[in-house]
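Indexing begins at 1, ligand by ligand and atom by atom, following the structure's order. All of these numbers come straight from a predicted model, not from anything done at the bench.
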Amino acid sequence: MISQDLYILAIESSCDDTSAAVLHHRRTLSNVVATQRIHEEYGGVVPELASRAHQQNIVPLVYRALAEANIDKKQLSAIAFTRGPGLLGSLLVGTSFAKSLSLGLGIPLIEVNHMEAHILSHFIEAPGKTPPPFPFLALTISGGHTQLVLVKDYFDMKILGETLDDAVGEAFDKSAKLLGLPYPGGPLIDRYASQGDPGRFTFPIPKVPGLDFSFSGLKTSILYFLQRESAHDPEFVEKQRDHICASIQATIVEILMRKLKKAVAQTGVHHVAIAGGVAANSGIRKALAAAEKDLGWVTYVPPFEYCTDNAGMIGIVGYLKYLDGRFTDYRVSARARYQIGS
Ligand code: KG4
Ligand code: ZN
């Protein structure tokens with residue numbers, strides 16, 4: 001039993017957001033994120049630019065996180081960092097920084113799997129939120145990942161299914177690009193979809209066995225659809241934008257919900273949590289609310305600040321691992337590929 005106050009400094013640098021957070025037990029005292037705008041002009045994340053930006057951001061961000069938390073670095077109990085999965089160059093920045101600071105301060109180092117962190121973000125204390133009970137199903141939907149996981153305990157998770165090609169966020173962003181929208185286009189599709197008719201256009205639902213997902217076929221069918229319609233009417237996209245967005249969003253939500261329903265039927269677990277940037281999508285939120293009402297599920301959606309990549313979710317895993325004495329050796333290296341439970 002830990003009696004002293006625990007303060008965890010957490011660092012996240014797996015993709016294009018640099019983030020630092022300070023947690024006091026399960027509560028975030030600060031959670032600051034520097035979003036790298038430089039990638040917008042390229043229509044996607046450029047790995048080399050991302051790692052350079054992490055290098056520039058990391059020291060000032062850690063200072064800001066400590067200042068906002070009103071904590072001196074000497075009070076820290078441990079440093080948690082994202083070991084993987086992600087872009088290797090980006091991960092290296094956070095990993096090296098965390099190792100040196102933990103050595104310098106003489107406090108434990110704790111490695112965190114980014115995908116476990118998305119799921120365990122539900123255990124950060126948040127007003128009006130109750131964490132899901134074990135076992136629960138977790139659907140992690142972000143720009144880099146789509147994963148359906150059975151969570152039996154904090155560190156006992158089983159992947160039931162994942163995407164065979166594009167991630168859900170990529171499906172949103174690539175569809176948006178086809179519509180001429182800027183990167184990342186997911187939030188824009190969501191916004192335009194709210195003014196459109198989801199039944200106006202129909203896109204195929206891929207037939208993927210088991211609990212795996214596929215989104216690359218959808219992207220291709222949208223491309224052909226837009227080419228066909230624009231050949232008749234060059235202003236088609238402009239005139240129909242809201243309806244196209246609503247129809248794309250409805251198709252993506254339908255793909256996700258079908259697999260979730262299958263997973264609930266297979267496991268008998270009806271506590272369903274979502275995580276990751278796409279968890280901000282209003283279509284998926286509405287579909288989950290309907291499943292609560294119609295199917296008796298209990299659903300969990302994290303507050304927005306813990307959906308997108310952030311160090312708060314790394315910190316909660318750091319805290320839970322600290323309680324378990326799961327510390328990390330200094331010889332640890334970053335892992336671009338890093339499966340949950342491996
Ligand atoms: O978790 P996240 O911040 O970063 C990754 O780890 O990828 O997720 C970013 C992804 C992007 O693809 C973005 O378009 C998508 O989440 N996204 C959304 C919405 N908000 C963010 N997609 C659909 N609707 C939204 N409201
Ligand atoms: Zn993520």
### Query
Given that the side chain starts at C-beta and the backbone is N, CA, C, O, which of these parts of Asn281 lies under 4.0 Å from ligand 1, counting heavy atoms, or is it both or neither?
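Both parts.
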### Message
Test of understanding: given a 4.0 Å heavy-atom threshold, classify the contact between Val278 and ligand 1 as side chain, backbone, both, or neither.
### Response
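Both backbone and side chain.
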Write out the residue and atom name of the closest protein heavy atom to [atom], then the distance separating them to 0.1 Å.
atom: atom 12 (O) of ligand 1; value: Asp173 OD2, 2.6 Å
atom: atom 22 (N) of ligand 1; value: Gly186 CA, 3.5 Å
atom: atom 7 (O) of ligand 1; value: Gly143 N, 2.7 Å
atom: atom 26 (N) of ligand 1; value: Asp190 OD2, 2.8 Å

### Query
Closer than 4.0 angstrom: is that true for some heavy atom of Pro187 and an atom of ligand 1?
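Contact check Pro187 vs ligand 1: positive.
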### Query
Among Ser282, Gly277, Ala171, which residue places a heavy atom closest to atom 2 (P) of ligand 1?
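Going through Ser282, Gly277, Ala171 one by one, Gly277 has the nearest heavy atom to atom 2 (P) of ligand 1.
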### Message
Regarding ligand 1, does His114 bring an N or O atom to under 3.5 Å of one of the ligand's N or O atoms?
### Response
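Between His114 and ligand 1 (N or O atoms, distance only) the closest approach is not under 3.5 Å.
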### Query
Quick one: does Gly276 get an N or O within less than 3.5 Å of an N or O on ligand 1?
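No, Gly276 has no N/O under 3.5 Å of an N/O on ligand 1.
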Do the non-hydrogen side-chain atoms of [X] and [Y] ever get within less than 4.5 Å of each other?
X: Phe203; Y: Phe225; result: yes
X: Leu148; Y: Phe213; result: yes
X: Leu179; Y: Tyr192; result: no
X: Phe172; Y: Gln249; result: yes
X: Asn310; Y: Glu305; result: no

### Task
Give the ring-plane orientation class for His114 versus His118, where under 30° counts as parallel, over 60° as perpendicular and anything between as tilted.
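The arrangement is perpendicular - the two ring planes meet at more than 60°.
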### Which atom of Asp309 approaches the Zn ion (ligand 2) most closely (N/O/S)
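Nearest N/O/S atom of Asp309: OD1.
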### Backbone N/O of Leu23 and side chain of Thr28: donor-acceptor pair under 3.5 Å
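Answer holds: no.
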